[in-house]
Amino acid sequence: MSPRVLYVSYLILWSMATLFMGMSGGFIAFIIRGLLVGGFEAPAHPIINKVATAWFPESERGRVIAFYTSGQFIGLALLALYCRCCRLSSPGTGSSVSRVSSASYGLASGGSSTASRGIRKE
């Protein structure tokens, strides 16, 4: 199978496992679904490295892998902002993301939820 087909199939399975992980009703279901997420995520990284090696010249590989890697953090940040703005709290990952985003917002704003103090000059 080509890396393109493999990557797309693992990406779909990884996304579905992540979605179902957020709907876990108990601890055991959460752990099992977390293992599924890891099982579908793990093959994605070697596949993207193979794609970067085969499709891009050596001078551009670092940029390609950095772009791919940064996508997961940008996606998580956008999800955290979405959960914070919509005040979402759902079982599983949704409530965890809300707590993390709330804590990071509190730290960034100096503990004030109404106004930010900005960057301190030291």
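Values below: all heavy atoms of this structure, side chains included; hydrogens, waters and symmetry mates excluded. Just so we're clear, the structure is a prediction, and the values are computed from it rather than from any experiment.
Linking Ile, Leu, Val, Met, Phe, Trp and Tyr residues whenever their side-chain heavy atoms come within less than 4.5 Å leaves F67 and V64 in two separate clusters. By the criterion of side-chain heavy atoms lying less than 4.5 angstrom apart, applied directly or through intervening Ile, Leu, Val, Met, Phe, Trp or Tyr residues, F30 is not grouped with I32; the two fall into different hydrophobic clusters. A chain of hydrophobic side-chain contacts below 4.5 Å, direct or via other Ile, Leu, Val, Met, Phe, Trp or Tyr residues, connects L13 to M1. When the side chains of ILVMFWY residues are joined at heavy-atom separations under 4.5 Å, either directly or via intervening members, F40 and V5 end up in a single hydrophobic cluster. Using a 4.5 Å cut-off between side-chain heavy atoms of Ile, Leu, Val, Met, Phe, Trp and Tyr, with links allowed through other members, V37 and F73 fall into different hydrophobic clusters.
Across all their heavy atoms, I47 and P3 have their closest contact at CG2-O, 3.6 Å.
For I12, the side chain to side chain contact (heavy atoms under 4.5 Å, CB included) partners are V8, M16, not counting sequence neighbours. Listed by chain and number, the residues in a side chain to side chain contact (heavy atoms under 4.5 Å, CB included) with R63 amount to none (sequence neighbours excluded). Under the side chain to side chain contact (heavy atoms under 4.5 Å, CB included) criterion, I65 pairs with N49, A52, T69, sequence neighbours left out. For I48, the side chain to side chain contact (heavy atoms under 4.5 Å, CB included) partners two or more places apart in sequence, or in a different chain, are Y68.
The CG atom of L81 lies 9.5 Å from the CG atom of L76; values are rounded to the nearest 0.5 Å. The structure places CZ of R33 at 9.5 Å from CG of L19, a figure rounded to the nearest 0.5 Å. If you take CD on E41 and CG on L11, they are separated by 10.5 Å, rounding to the nearest 0.5 Å.
Sorted by first and then second residue, the ring-ring contact (aromatic ring centres under 6.0 Å, His included) pairs with a member in residues 1-21 form an empty list; sequence neighbours excluded.
Taking Ile, Leu, Val, Met, Phe, Trp and Tyr as members and joining any whose side-chain heavy atoms lie under 4.5 Å apart, directly or through other members, the hydrophobic cluster of I74 also contains L78.
Between the side chain of R61 and the backbone N or O of F56 there is at least one donor-acceptor pair closer than 3.5 Å.
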